[in-house]
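Excluded from the calculations below are hydrogen atoms, water molecules and symmetry mates; all remaining heavy atoms, backbone and side chain alike, are included. Note that this is a predicted model, so its numbers are computed, not measured. Below, chain A is the first sequence line, B the second, and so on; all start at residue 1.
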Number of protein chains: 2
Amino acid sequence: MSQQRVPTVRDVAARAGVSVGTVSKALNNRGQLREETRARVVAAARELGFRPNSLAQSLQSGRTYTVAVITTDRFGRFGNPLMLGVEDALGADRVSVFLCDTRDDPIREHHHAETLDERRVDGIIVAGRRKQTRAPLAVASGVPVVYVIAQSSDPADFCVTTDDIGGGILAARHLLASGRTRIGHITGPERFADPRERAAGLCQVLDDAGLSLAGGQVFYGEWSEDWGRRAAEMLLHAAPDTDAVFCGSDQIARGVVETLRDRRLRVPGDIAVIGFDNWEPMAAGCRPPLTTVDPNLREVGQVAATRLLDMIAGQPVEGGVHTVPAWLMLRESTGVRLIEP
Amino acid sequence: MSQQRVPTVRDVAARAGVSVGTVSKALNNRGQLREETRARVVAAARELGFRPNSLAQSLQSGRTYTVAVITTDRFGRFGNPLMLGVEDALGADRVSVFLCDTRDDPIREHHHAETLDERRVDGIIVAGRRKQTRAPLAVASGVPVVYVIAQSSDPADFCVTTDDIGGGILAARHLLASGRTRIGHITGPERFADPRERAAGLCQVLDDAGLSLAGGQVFYGEWSEDWGRRAAEMLLHAAPDTDAVFCGSDQIARGVVETLRDRRLRVPGDIAVIGFDNWEPMAAGCRPPLTTVDPNLREVGQVAATRLLDMIAGQPVEGGVHTVPAWLMLRESTGVRLIEP
DNA sequence: TACGTGCAGGAAAACAGTTTCCGAAGGTGG
DNA sequence: CCACCTTCGGAAACTGTTTTCCTGCACGTA
């Protein structure tokens, strides 16, 4: 095994016949050096395969060019587009990211916070799975923290999250615009803020249009296909003339569509169905493919990372909650209604 | 903003009335110190909220306690259980993980490799999305690298991957044991090794049992529900008496199940269906819930990380491919066959 | 010839720890 | 009473890099 020691500035200096300080200057385009000297140093560095030790650099500069993402939701699918957005913003700056999964365990979170403290990360993104208020991350004062989806209980903290009310409005307007008027809503647990906000957005639009919810209530339940199937039965029982269902997730929507098919109801011919999440494999694999509200998690991640970078750069970022607008992914499940079924 | 400087050993030393060397010894249980002195230092450190700068520690020790995971498959779902396994193994050792997404771009990969080189990570896990042979990661000699799923073209490298042949065998045996004999196979693209191996496992068991593939061929196609739907039609057309379908993914299986239902064929009553991946929301949300082969990605991640830790610790790890056995997640789609349909 | 001036590059001090070596007490035995 | 050993803790070197200061040296001018 060629266990040769990795070369340092000293090795480069020796090979180029200069001092270490000169090597640093040459490699970083600093100071006053003859072009010939600079070239000689660069050549020596290349020949040795020299890579500056970033630990030493960070120790000296106080910047590590690392950011951590602390998440409770790795397993879940939400983390993926989010991370993509984060990397979009961070990658440009040569910032590396530590991924820390707390598995919803406060002890693990604390443990990670300590470690990150010691590693002197430049900033931290705390990503929750749900919209809720949480205690601020216990971390050394001075390290910028941005909260994502779940917000900090400290109003001075900056938080970026999805616009669920807006998503509900978007879905509602779209259904109305497609000529639907008897709209039902099947969604997740009432104890979570996300489904409540989506429902609020929907109801607001319905109110404005002088309409009311098909079935007379929001069907709160679970985030599962099975709940979608069961709730669809309930909804159709309560309001057989329903002509659209807004679902709180694509999974629920899949279940709803299945029940509708079992009942020989056509989608979108008889009933339009709209989902939430734009979880590609779920929504696109559905028959018919699902129109769905995309909460724009990638953008959420991008905004979070960008603002974090601002804070790291010392720009003042005022606290508060920044919401990223959702958008509508149009597919077939809300297509044109058949006039004569 | 309370921008107070973060405390260093020097601050702790001053407060405890000792020298910096003593602080280090006290905090790390090294050297010969009176218990009283040690306690005094520990108290001072706690009062100041002292956290040792791990950059300085690493610079000195040569170990960073960081590992990087370079992946082409973040967006995909495979990364999640894999990362879970990696963290299982790494977490115990206080090792932090850098997550690098190459997005399948060799330039990005190279760029990441350079950065990791400079960060002096202790080791690297290179995770591919598919079983294939790839060029070794271009990284400074000496840094241990473990390959996951995709293997290195250098036989001296260590690689851990899934057992797709074994998975196919598992599925086939299970179907046979449930009394099925006319088994079809619908799967992903033929150009990938994974689906070919799964098919090989299946065929091997069928051969041994003196059976042949329903429909006379493997139905290679795409990793989509839609392909599952279409291929199921083709299969039933070619072999109407098919009594089981082994699918190369849970998505395909969902499509197959849908076509079967459209055709009024009961699952598992008339036809058993078995998937691959054990992608929970897909498989469990299916009606009936899908029996499926779990490729054990979490275990793959664990093994990879554990061996990497071994390599970092200096233990010789011999190159070659280590495969992790798959297991069967039993749900309802392969339940007992109805004798009289 | 003496004296600024400016350029090129070296020496050394940071950064924040750990570790090795060494010396000063204090106690013990001859 | 003195030599010696142990115990405790300090001083300094070291990790690899950047940065500040400083010193030669060549050059131009008086």
Side-chain angles (χ1 to χ4, degrees), chain A residues 4-42 44-45 48-66 94 115 117-122 140 142, chain B residues 4-42 44-45 48-66 94 115 117-122 140 142:
Chain A
Q4 73 261 33
R5 204 172 44 75
V6 323
T8 72
V9 269
R10 247 158 289 271
D11 301 315
V12 178
R15 176 172 257 258
V18 297
S19 73
V20 291
T22 305
V23 170
S24 174
K25 287 170 203 156
L27 261 24
N28 297 299
N29 278 316
R30 215 142 304 180
Q32 313 258 60
L33 266 57
R34 252 181 309 161
E35 199 40 57
E36 186 266 326
T37 311
R38 201 177 293 276
R40 196 147 39 88
V41 172
V42 169
L48 291 173
F50 169 74
R51 297 246 146 256
N53 183 328
S54 75
L55 299 168
Q57 292 179 317
S58 297
L59 189 57
Q60 149 71 23
S61 68
R63 282 264 287 160
T64 56
Y65 293 92
T66 55
R94 279 210 151 233
T115 305
D117 238 359
E118 297 179 0
R119 293 199 185 281
R120 302 293 192 263
V121 294
D122 293 335
Chain B
Q4 74 261 35
R5 206 172 43 75
V6 323
T8 73
V9 269
R10 250 154 287 269
D11 302 314
V12 177
R15 176 171 256 257
V18 296
S19 74
V20 292
T22 304
V23 170
S24 174
K25 286 170 204 157
L27 262 23
N28 297 298
N29 278 317
R30 215 140 305 181
Q32 313 259 59
L33 266 55
R34 251 181 309 163
E35 200 39 59
E36 185 267 326
T37 311
R38 200 178 293 275
R40 195 149 37 91
V41 171
V42 169
L48 291 174
F50 170 73
R51 298 248 145 255
N53 183 327
S54 75
L55 299 167
Q57 292 179 317
S58 297
L59 189 57
Q60 149 73 22
S61 69
R63 282 264 288 161
T64 56
Y65 293 92
T66 55
R94 280 213 150 229
T115 304
D117 237 358
E118 298 180 359
R119 293 199 186 281
R120 302 293 194 262
V121 294
D122 293 334

Derivation and outcome, side chain to side chain contact (heavy atoms under 4.5 Å, CB included), residues A:R119 and A:T66: CA-CA 9 Å; A:R119 293 199 185 281; A:T66 55; 5.9 Å; no
Might you work through the side chain to side chain contact (heavy atoms under 4.5 Å, CB included) test for A:T115 and B:R94, ending with a clear yes or no? CA-CA 8 Å; A:T115 305; B:R94 280 213 150 229; 3.4 Å; yes
Report the C-alpha distance between A:T8 and A:N53 in whole Å, list the side-chain angles of each, state the deciding distance to 0.1 Å, and finish with yes or no for side chain to side chain contact (heavy atoms under 4.5 Å, CB included). CA-CA 8 Å; A:T8 72; A:N53 183 328; over 6 Å; no
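Near DNA chain D, meaning a heavy atom under 4.0 Å away, the residues from residues 11-22 of chain B are B:G17, B:V18, B:S19, B:T22.
For A:N28, whose side chain is taken as the heavy atoms from C-beta onward, the closest listed nucleotide among D:dT18, C:dC7, C:dG17 is D:dT18. Considering only side-chain atoms of B:T37, the nucleotide from D:dG9, C:dT18, D:dG16 that sits closest is D:dG9. Of the candidates D:dC8, C:dA8, D:dC14, D:dC8 carries the atom nearest the B:Q32 side chain, counting heavy atoms from C-beta on. Among the nucleotides C:dC7, C:dT18, D:dT17, the one closest to the side chain of B:S24 is C:dT18.
Residue A:R34 places at least one side-chain N or O closer than 4.0 Å to OP1 or OP2 of C:dG9. Checking the phosphate oxygens (OP1, OP2) of D:dT18, no side-chain nitrogen or oxygen of A:R30 falls inside 4.0 Å.
In this structure, OG1 on B:T64 lies 10.0 Å from CZ on B:R120, to the nearest 0.5 angstrom. Here CG of A:L55 is found 12.0 Å from CD of B:Q60. Values are rounded to the nearest 0.5 Å. With values rounded to the nearest 0.5 angstrom, B:R38 atom CZ is found 10.0 Å from B:K25 atom NZ. The distance from the CZ atom of B:F50 to the CG atom of B:L27 is 6.0 Å, given to the nearest 0.5 Å. Note that OG of A:S58 and CD of B:E118 are 10.5 Å apart. Values are rounded to the nearest 0.5 Å.
Per the geometry, CZ belonging to A:R10 stands 13 Å off C1' belonging to C:dA11, to the nearest Å. One can place CD of B:E118 at 12 Å from C1' of D:dT17, the figure rounded to the nearest angstrom. The distance from atom CD of A:Q60 to atom C1' of C:dC15 is 6 Å, rounded to the nearest whole Å. For the pair B:R38 CZ and D:dT7 P, the computed distance is 14 Å after rounding to whole Å. Taking atom CG of B:L33 as the reference point, atom C1' of D:dT6 lies 15 Å away to the nearest angstrom. A:L59 places its CG atom 14 Å from the P atom of C:dA14, with the value rounded to the nearest Å. Nucleotide D:dG16 holds its P atom 14 Å from the CG atom of A:L48, rounded to whole Å. Distance A:R5 CZ to D:dT15 C1': 11 Å, rounded to the nearest Å.
Across every non-hydrogen atom of A:D122 and A:G62, the tightest pair is OD1-O, 4.4 Å. Closest non-hydrogen pair, A:A56 versus B:L59, comes out as CB-CD1, 4.0 Å. Nearest approach of B:V23 to B:V41, heavy atoms of both residues: CA-CG1, 3.9 Å. In plain terms, the two heavy atoms of A:S19 and A:A13 that are nearest each other are C-CB, 3.8 Å.
B:R51 comes within 4.0 angstrom of the backbone, heavy atoms only, and of no base.
Comparing A:K25 and A:P7 against DNA chain D, the residue whose closest nucleotide sits nearer the 5' end is A:P7.
In this model, no side-chain donor or acceptor of B:Q57 finds a partner on the base of C:dG17 within 3.5 Å.
One axis for each end of the helix from C:dT1-D:dA30 to C:dG30-D:dC1, each built from five base pairs, and the angle between them comes to 70° at 10° resolution.
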Considering only nitrogen or oxygen atoms on both sides, find all protein atoms under 3.5 Å from nucleotides 25-28 of chain D and state each distance.
none

